[in-house]
2 protein chains.
Amino acid sequence: MKEPQPKNTAATVADVARLSGVSKATAARVLGGYGTVSDKARDAVMLAAQELDYRPNELARSMTTGRSGTIGVVVGDIENPFFGSAVRGISDAARASGFNVVLANSGEDVAAERAAIETLVAKRVDGLIVSPAQESAIGHLEDIGHAGRPLVLLDRAIAALAVDSVTADDRQAAEAVTRLLVERGHREIAYVTACDTPTHLYRDTRDILTASVRERIEGFLEVGAQAGIAEMPRWVRLGANTPDATRRLTIDLLREATAPSAIIASDSLIALEIFKVAREHGIEMPEALSLVTFHDAAWTAVTTPPVTVVRQPVYEMGEAAAKMLIERLSGERCAPRHLVLPTQLVERASVAVRGNQSASPRIRSL
Amino acid sequence: MKEPQPKNTAATVADVARLSGVSKATAARVLGGYGTVSDKARDAVMLAAQELDYRPNELARSMTTGRSGTIGVVVGDIENPFFGSAVRGISDAARASGFNVVLANSGEDVAAERAAIETLVAKRVDGLIVSPAQESAIGHLEDIGHAGRPLVLLDRAIAALAVDSVTADDRQAAEAVTRLLVERGHREIAYVTACDTPTHLYRDTRDILTASVRERIEGFLEVGAQAGIAEMPRWVRLGANTPDATRRLTIDLLREATAPSAIIASDSLIALEIFKVAREHGIEMPEALSLVTFHDAAWTAVTTPPVTVVRQPVYEMGEAAAKMLIERLSGERCAPRHLVLPTQLVERASVAVRGNQSASPRIRSL
DNA sequence: ATGCATCAAGAGACCGGTCTCATTTAAAAA
DNA sequence: TTTTTAAATGAGACCGGTCTCTTGATGCAT
C-alpha cells in the first residue's frame, strides 16, 4: 500500500494499538505524549499510526481532561473594524498559547448574547471573553462563573460583576475630546452614539446600560458643565445602531433650528455615516461642521479633511484580554483586575475654530 | 434552598436521573429531547434538572453523535474588512441553521493554515470553509475530505480540488476595470497585489499560486494586450502583503522614470496605503494619478476623490459558502459546485481621463 | 545474591452523553 | 375478556480518549 487510503472509519488509539501489537494504554501514551514508553514501543506505535493515518479526536480528549483548549469570544459585530482588530488581538494571543477561538456575534442583542454564551459554555470552552451588550442583564454572565469558567469583559466593564476587564480610558478620552472642541470655541456639540434605550432619547446617564458609553457621556457632560454650557444634555443622541439609523439621526440633528457646530461620533462606523451625510448635503468640513470620532480606523487618515480621532489600543485590548484569561486558566486566583488602557487624541484636520466658521451646517433643503 | 448554588461539580444526566427517580436512559431522553417519555416522567426530570441547574455537556453529546454543530473557518486575516464581512455572512448563515463558528487566522501562511486545519479537524468540526493561501500546497485540504468533512473554498478556487467553491468573477472584474482605464486613455497602468512569490517579481501567471489573483492578472494583461499595450506585464507588482510593503512598493513604483498614470489595487487595504502615499507626496488624485480598487470598503465613498471600486458581494459570498456547506452537511451529494458571483464596477471619481492629466505623478523628492 | 527503586506495559474504569435492545405497562382491537 | 400493538422504561454497551492501579522487568546499591 502506498497511500493512506481514506478509511471508511477513522482510526482510533485502539486500532493503532492492535496493529502495533501493544495495549491501548501504551498506544495512548505514545499518541497522547504522556507517561513513559520504551523506544521500541514508541516506534511501533508511530509506524502503525502513520499506516492507519491516525488523527486524534480532540473531542474525546477534551471530555476526559475537562479542557478543550478553546476560548469563546462574544462580540457585538465582527464587521465593525473595532471588533475586527480586537478579535485579531485575541486570536493571536490565543494561538501563541495553543488556544483556539470560537467566535459568536451577538448583534448587540442580549437574547442572542445569552444564547451564544449558553452554547459556548455547553461546548465547554475553557473561558470566555465577552463584550456585553448591556450591563443590566447579567444573569447569563454570572452563570459563566457558576459553570466554573473564567470570564474577561472586553471594552465594557460591569461594576456589579467581580471579573477581570480590559477597557480603554473612555471617560478621560471623552473629556479630552470635548475639551478640545470647547477650547476651539464650540458650544453646540453633539454626541452621537450607538445605544439601546427604548426611547432613543437621552434623559439621564443612569439610563445608559453600557459602561463605556455612559462614561463617555459623563465625560462629555462634565466638560460641558465646566465650560458653562447649559444645554449639553440635549445634544446627546442615542440609537445610532445601524448606518441607516445613524443617517436619519444625523439628518435630524443637522436640520434642527440650531444645528451643532461639532459632532463627536462614538465609533468609526458612525463617523463614516456622518461624513457621508455632510458630504451629500454639501456641508463643508471642518468649516461648517467639525467632527471627532472614537476609534482610529484606517480610513480616518485619508479623508478630506482627515479626521481627528481618539486612538484606542484596540488590538492590544484584545491581546490583553486573552492573556488575562489564559492566566486565569493557568490557575491565577487573584482578585478581579481591571485593566484600563490609555487612549490618545490624534489631532488631524476635522476640527475647526468656531469663530472661523463660514456658515451654519444646518440642512436647509427639504 | 432558593438559589441553584454553584455546585462543586456540574450535574450530569445520571445526577438528574437519580434525583428524579427514573433511569439514566429516561432522563437522557427528556434532556436530550428524543425518544418517547410520559408526561409524568418528563415533569419529574425537568424539575430535578432545574433543581440541580443541569447543563448539557455538548462535548459528550458530540462524541456520540459524531456531529459537533460547529463549522471551522480559516481566513487570511480577520482584520481585513473583506474577511470581516465574509465572516459575518458565514456566521449569520451558520447561526440561522444552528451552527457555531470556530475561527482561525492563517496570516496567509501555509504552515499556519495547515496547523489550523489540523486542529479544527481534530476538534471534529462538521465542515470547513477555507480561503486557502496557496493553491500549490493542497495536501492538508485534501485531508479534510479524507477525514470525511466537507470543505468549501471561499474567494479562491482551486481547480485541482473537487470541492465546492464560492468566488467573485475576478477575471471579468479585472477586465472591466482595466478596460475602463484604457478607455480613459491610460496606458501605463500598474496592478498592485498581495501575493507571495519568493522574488516579489512578476514573470508569468503560472507563478501565481492564488487563483483569484491570477485570474485578475490575466484579465488585466488580456485587456492590455487587446489595446496593444506591450509593456503591461512589467506593471504587475506583487508583494503588497503588509501596509509597509505596500508603501515601499508604491513609492518605488511612482519613482520610476515613467511612473504609471493609474493604479489598480487588489484590495482596500492596499488602496488605502496607496492613497496615503499619494497624499503625502502631494500627488493630486485623480489628475496626476488614477486609482481603482477591488472591494467596496465603506471608506472608499468618503475620500476626496471617492474611489472607483469593484464591488464584490462579500457578505453574500460568506453566506453562500456557509449555506453550501450546510447543504453538504445535510446529505447533499451532488458534484462539486462552483458558485461565481457577479461583481459590479462602481464608478466614483478617482479615475481621470488621461489627456487631462496636468502632471506626471512621479515622486521627485527622494 | 538480595533488596529496593524505577521504568514499561497492560487491564480496565471513567468522562457524560446517546442509543439499541429487551421488558414492562397501558391502551386499542377482537 | 383475551389478544394485539404501541408506548414507556430500564439496563447496559458505546464513543475515543485519559488515567489510575497493578504487575512484570530491569538496574543499582548493599
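For clarity, every value in this text was computed on a predicted model and none was experimentally measured. Each chain gets a letter, A, B and so on, in the order its sequence line appears, and its residues count up from 1. Both backbone and side-chain heavy atoms feed into the values below; hydrogens, waters and symmetry mates do not.
- Taking atom CZ of B:Arg18 as the reference point, atom P of D:dA11 lies 13 Å away to the nearest angstrom.
- With a 4.5 Å cut-off on side-chain heavy atoms, B:Leu154 and B:Val130 do not count as touching.
- Separating the CD atom of B:Glu58 from the P atom of C:dT18 is a distance of 9 Å, rounded to the nearest angstrom.
- Here A:Thr26 reaches the OP1 or OP2 of C:dG10: one of its side-chain N or O atoms lies under 4.0 Å away.
- Among the protein residues, B:Arg124 comes within range of no part of the nucleic acid, since none of its heavy atoms lies under 4.0 Å from any strand.
- Side chains of A:Leu120 and A:Ile144 form no contact here, defined as non-hydrogen atoms less than 4.5 Å apart.
- Sequence neighbours left out, not one pair with a member in residues 21-33 of chain A passes salt bridge (Lys or Arg N to Asp or Glu O under 4.0 Å).
- Within the structure, salt bridge (Lys or Arg N to Asp or Glu O under 4.0 Å) pairs that include any residue of residues 99-117 of chain A comprise A:Glu108-A:Arg156 (at least two apart or interchain).
- Closest approach to the B:Ser23 side chain among C:dG16, D:dG10, C:dG17 is made by D:dG10 (side chain taken as heavy atoms from C-beta onward).
- At whole-Å resolution of the value, CZ in B:Arg61 and P in C:dC19 are 10 Å apart.
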Please tabulate the protein-to-nucleotide N/O contacts below 3.5 Å involving nucleotides 20-24 of chain D, giving atom names and distances.
none

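- Residues from residues 37-47 of chain B with heavy atoms under 4.0 angstrom of DNA chain D, sorted by number: B:Val37, B:Ser38, B:Ala41.
- Whole-Å rounding puts the A:Tyr54 OH to D:dG16 C1' distance at 8 Å.
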Without placing hydrogens or testing angles, list every side-chain donor-acceptor pair under 3.5 Å for residues 31-49 of chain A, not counting sequence neighbours.
unit_1, atom_1, unit_2, atom_2, d
A:Ser38, OG, A:Ala41, N, 3.2

Can you give me every donor-acceptor pair (side chain of residues 317-334 of chain A, partner residue at least two apart or in another chain, under 3.5 Å) with its distance?
unit_1, atom_1, unit_2, atom_2, d
A:Glu327, OE1, A:Arg337, NH1, 2.6
A:Arg328, NE, A:Asp164, OD2, 2.8
A:Arg328, NH1, A:Glu332, O, 3.4
A:Arg328, NH1, A:Cys334, O, 2.7
A:Arg328, NH2, A:Asp164, OD1, 2.9
A:Arg328, NH2, A:Asp164, OD2, 3.4
A:Arg328, NH2, A:Cys334, O, 3.0
A:Arg328, NH2, A:Ala335, O, 3.2
A:Ser330, OG, A:Ile326, O, 2.7
A:Glu332, OE2, A:Cys334, N, 3.3

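- In this view, B:Ser131 satisfies the side-chain hydrogen bond (donor to acceptor under 3.5 Å, both in side chains) rule with no residue, not counting sequence neighbours.
- Screening residues 141-155 of chain A for salt bridge (Lys or Arg N to Asp or Glu O under 4.0 Å) gives A:Asp143-B:Arg55 as the qualifying pairs, with residues at least two apart or on separate chains.
- Sequence neighbours left out, the pairs with a member in residues 56-77 of chain A that pass salt bridge (Lys or Arg N to Asp or Glu O under 4.0 Å) are A:Glu58-A:Arg61, A:Asp77-B:Arg88.
- We find that CE of B:Met63 is positioned 5 Å from C1' of D:dG16, with the value rounded to whole Å.
- Contact annotation for A:Thr12: backbone-only contact, meaning every heavy-atom pair under 4.0 Å involves sugar-phosphate atoms and none involves a base.
- Qualifying side chain to side chain contact (heavy atoms under 4.5 Å, CB included) partners for A:Thr12, counting only residues two or more places apart in sequence or in other chains: A:Ala14, A:Asp15.
- Annotation: side chain to side chain contact (heavy atoms under 4.5 Å, CB included) contacts of A:Ala160 (sequence neighbours excluded): A:Ile138, A:Ile158.
- Among the nucleotides D:dG17, D:dA13, D:dT9, the one closest to the side chain of B:Lys24 is D:dA13.
- No side-chain heavy atom of B:Thr119 sits under 4.5 Å from any side-chain heavy atom of B:Val121.
- Straight-line distance from the CG atom of B:Asp15 to the C1' atom of C:dC14: 14 Å, rounded to whole Å.
- The B:Thr36 side chain lies nearest to D:dA8 when the options are C:dG16, D:dA8, D:dG10.
- For B:Ala60, taking side-chain heavy atoms from C-beta onward, the closest of the listed nucleotides C:dG16, C:dT18, D:dG17 is C:dG16.
- Here C:dT18 presents its P atom at 13 Å from CG of A:Leu59, a figure rounded to the nearest Å.
- One end of the helix from C:dA1-D:dT30 to C:dA28-D:dT3 points its axis 40° away from the other end's axis, with each axis taken from 5 pairs and the angle rounded to 10°.
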